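Bear in mind the structure is a predicted one, so any value in this text is a computation, not a measurement.
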Amino acid sequence: MNSQSADAVRLPGLETEDLLSMLSATADITLLVDAKGVVRQSIVGADSLAGQGLETLAGRAWVDIFTVESRAKAEMMLRDARDTGRTRWRQVNHPVPGQSQDLPVQYRMIRLGDGRLVAVGREQRSLSAMQQRLVQAQRAIEREYRDLRHADQRYRMLFQLATDAVLIIDLGSRRIVE
């Protein structure tokens with residue numbers, strides 16, 4: 001699509017249902033949102049999202065389908081899509097009934113010629129899991145570094161307080177370490 005037609009998607013002769021079918025073939029979830037910001041249709045394209053409650057979003061306000069922490073982003077997306085015709089990708093979280101973890105989805109919205117909006121989403125659970133593993137690894141490194149600092153402080157104190165000569169020998173190589 002060229003930059004001149006970026007304000008709204010206009011595909012003459014293509015019905016909205018056809019457009020949604022095409023988008024759902026490539027997206028994990030596709031939502032049709034009316035001009036008032038209410039989800040009118042929800043199409044789940046990924047089998048991995050079955051049973052996550054996304055099929056029941058129709059009739060609810062766009063902003064209300066997300067967790068409290070994600071609602072400001074959702075409002076921004078709605079405003080940007082209305083004003084400019086499209087949004088950049090944003091990750092928001094859907095609450096999942098009966099589960100402790102939310103469902104992270106990255107959405108982009110596009111305004112259609114008639115003022116309705118289409119939100120195309122990509123499920124982000126694998127990326128979220130990788131981010132959590134990275135945070136856990138960083139915390140483990142910080143703990144190990146702290147433990148090394150404490151050990152170093154203890155050795156320094158031992159060397160300062162000892163009146164006798166102290167040697168620390170590596171048993172494997174039988175070399176003097178300190």
Tell me, with the steps shown, if Val38 and Trp62 meet side chain to side chain contact (heavy atoms under 4.5 Å, CB included).
CA-CA 5 Å; Val38 176; Trp62 164 258; over 6 Å; no
- Item | Check: His150 ring centre within less than 6.0 Å of Tyr145 ring centre | no
Contacts under 3.5 angstrom, residues 130-141 side chains, donor-acceptor by atom type, not counting sequence neighbours:
from: Gln138; atom 1: NE2; to: Glu142; atom 2: OE2; distance (Å): 3.3

Just by modelled atom types, is the [Y] backbone N or O under 3.5 Å from a matching donor or acceptor in the [X] side chain?
{"X": "Arg90", "Y": "Tyr107", "value": "no"}
{"X": "Ser70", "Y": "Asn93", "value": "yes"}
{"X": "His94", "Y": "Ile65", "value": "yes"}
{"X": "Asp28", "Y": "Glu123", "value": "yes"}
{"X": "Thr87", "Y": "Met109", "value": "yes"}
{"X": "Arg71", "Y": "Phe66", "value": "yes"}

task = Applying side chain to side chain contact (heavy atoms under 4.5 Å, CB included), run through Ile43 and Leu31 and close with a yes or a no.
result = CA-CA 6 Å; Ile43 303 169; Leu31 302 173; over 6 Å; no
Between Val96 and Gln101, is the side chain to side chain contact (heavy atoms under 4.5 Å, CB included) condition met? List the steps.
CA-CA 7 Å; Val96 180; Gln101 290 204 343; over 6 Å; no
_Listed partners of Asp80 passing side chain to side chain donor-acceptor pair (under 3.5 Å), at least two apart_ =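 With neighbours one apart ignored, the set is empty.
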Practice task
Start with the C-alpha gap between Arg60 and Leu57, add the side-chain angles, then the distance that decides, and say whether side chain to side chain contact (heavy atoms under 4.5 Å, CB included) holds.
Solution key: CA-CA 6 Å; Arg60 296 178 57 195; Leu57 299 179; 3.8 Å; yes
On a heavy-atom basis, which atom in [X] and which in [Y] lie closest, and how many Å separate them?
{"X": "Leu117", "Y": "Ala81", "answer": "CD2-CB, 3.7 Å"}
{"X": "Arg82", "Y": "Lys36", "answer": "NH2-C, 3.4 Å"}
{"X": "Arg40", "Y": "Ala58", "answer": "O-CB, 3.7 Å"}

request  = Check whether more than 12 heavy atoms from other residues, nucleotides or ligands sit under 6.0 Å from atom CZ of Arg174, and answer yes or no.
outcome  = no
Value for CZ (Arg108) from CZ (Arg122), rounded to nearest 0.5 Å, stands at 9.0 Å
Check: Tell me, do Leu112 and Leu32 make a side-chain contact under 4.5 Å, heavy atoms counted?
Finding: yes
